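Take a look at the structure below.
Please read these numbers as outputs of a predicted model, since none were measured by experiment. Numbering of ligands and ligand atoms starts at 1, following listing order.
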Amino acid sequence: MAELVQRYLDHILAEHTEVADGALADYIPELAAVDPEGFALSLTMADGYTYESGDAACEFTIQSISKPFTYALALDQIGCAAVDAAIGVEPSGEAFNEISVDSATKMPKNPMINAGAIAAVSLIPASSPDARFALIRDFYSDFVGRRLELDDEVYRSEKATGSRNRAIGYMLQSFGVLDDDPDEVLDVYYRQCSLRVTATDLATMGATLARGGVHPRLGRVTTATVIKRTLSVMVTCGMYDAAGDWVSAVGLPAKSGVGGGIVAVLPGQLGIGVYSPRLDRNGSSVRGVRVCRSLSEQLGLHFLTVRRDSLATLRNVYEPQERVRVYEVHGDLLFSGAEQVVRIVEGECDLFDVAVLDVSRVDDIDEAARSMLAALGTQLRASGRQGFLVDPDAAVIRADNDQGAGRFSGVDDALAAAREWTRDRSL
Ligand code: GLU
């Protein structure tokens with residue numbers, strides 16, 4: 001089911017399969033050992049429905065994608081004021097592993113660079129490093145809905161080569177940001193970075209962020225206030241020092257990691273997980289960035305797209321004649337509204353011979369939603385059914401389009417045509 005969206009994702013993945021730019025991270029030796037061709041894309045809608053394309057079961061280490069989640073845990077455990085007293089929220093414009101603090105406050109500039117992420121680990125209240133790691137692992141696992149496991153080899157590799165992070169840890173101690181032993185804090189940080197996830201796990205974590213901290217199936221993980229702050233720093237600082245370009249071109253709160261993953265979030269609507277381990281010079285997945293860009297452009301996912309009613313969708317479904325179902329769509333229709341309509345109609349296709357999609361009360365519709373609804377009609381016809389559109393203003397199918405034959409100006413006309421079609425078919 002939901003084949004149309006599945007085809008979109010498969011198509012977007014195929015479009016980028018040939019891209020071989022970038023290089024594996026090699027400053028952590030174990031990361032250079034992965035298959036450079038691994039490629040996966042997952043999309044989890046706010047109701048938990050998940051689309052997967054490519055190597056969606058392939059596991060990789062979460063790396064810096066852990067940072068927003070540990071920051072969220074710190075906010076959840078000790079509150080905003082205490083976290084703000086240790087970590088800023090200003091984009092740094094610096095590399096992720098820059099040995100730096102804010103020149104005035106002597107605090108890490110934000111929680112998405114290593115200095116801020118290491119400080120965030122130290123804020124998680126726990127009696128020992130193991131207890132701290134257990135809290136972190138459980139918190140991430142709640143976002144995913146399964147227990148995440150540690151990649152012991154990556155953890156050891158990272159720990160053995162972590163001079164730069166050690167320098168950051170001791171610098172933070174010298175400025176009074178770290179109260180605990182820097183090596184113990186770093187050990188937990190390396191472990192959090194070495195937790196294994198799949199693209200689908202990331203999409204689910206993204207969907208839980210998109211729902212304000214509520215896992216689509218398992219319920220609340222943290223508060224909406226925590227998530228609002230977390231998404232804010234993902235917008236301004238999530239994509240290393242390319243955050244400005246990312247917000248303009250893609251427009252989704254996101255975080256990438258040197259393991260090759262990216263999580264991106266459309267608040268209220270969906271989470272995206274992408275995996276491809278070849279990185280650009282900022283440390284983000286080359287194919288991952290391009291896939292997110294295409295998804296955002298082709299499906300209209302920029303989070304600043306202004307709509308009047310994001311809840312627009314199916315308002316009414318009824319069966320005025322035997323095996324004829326009418327689906328009434330209201331409001332402004334963008335990708336996720338269209339996805340819901342298409343999925344419901346496809347899912348119910350055994351219940352009807354004719355589906356009448358009434359879009360006469362749709363106020364505004366974007367290109368992605370238009371082509372999905374038009375393709376739905378084509379798909380229904382290909383499966384021996386009929387899809388009629390009540391579209392008096394030609395919102396979905398232009399009047400001059402050759403598919404105009406399935407377009408009607410009122411429900412009564414469409415129902416008359418449905419009766420005729422059913423009669424002809426039974427002759
Ligand atoms: N564990 C990595 C480090 O601190 C994370 C880097 C990243 O994904 O950006 O070097």
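Residue-ligand proximity: Tyr27 is placed with a non-hydrogen atom under 4.0 Å from ligand 1. In this structure, Asn97 does not count as a contact residue of ligand 1, since none of its heavy atoms falls inside 4.0 Å of the ligand.
Considering backbone and side-chain atoms together, Ser256 places no N or O closer than 3.5 Å to any N or O of ligand 1.
Between Arg146 and Glu59, at least one side-chain nitrogen of the basic residue sits less than 4.0 Å from a carboxylate oxygen of the acidic one, meeting the salt-bridge criterion. Between Asp187 and Lys159 a salt bridge is recorded (basic side-chain N to carboxylate O distance below 4.0 Å).
Interface atoms of ligand 1 facing Asn114, defined by a heavy-atom separation under 4.0 Å, are 3 (C), 4 (O), 10 (O). Taking every non-hydrogen atom of Asn165 and a distance limit under 4.0 Å, the qualifying atoms of ligand 1 come out as 3 (C), 4 (O), 10 (O). For ligand 1 and Phe96, the ligand atoms under 4.0 Å from any heavy atom of the residue are 6 (C), 9 (O), 10 (O). Near Cys193, the atoms of ligand 1 lying under 4.0 angstrom from a non-hydrogen atom of the residue are 1 (N). Under a 4.0 Å criterion applied to the non-hydrogen atoms of Gly257, ligand 1 contributes the atoms 8 (O).
For the pair Ala167 and Ile99, the tightest heavy-atom approach, listed with the atom from each and the gap, is CB-CD1, 3.9 Å. In terms of heavy atoms, Asp183 sits closest to Tyr170 at OD2-OH, 2.6 Å.
Annotation: side chain of Asp55 is not in contact with side chain of Tyr275 (no heavy-atom distance under 4.5 Å).
No more than 12 heavy-atom neighbours from other residues, nucleotides or ligands sit within 6.0 angstrom of CD on Glu153.
Checked by atom type, the side-chain pair Glu348/Tyr327 shows a donor-acceptor distance below 3.5 Å.
By the criterion of a heavy-atom distance under 4.0 Å, the side chain of Glu158, and not its backbone, is placed next to ligand 1.
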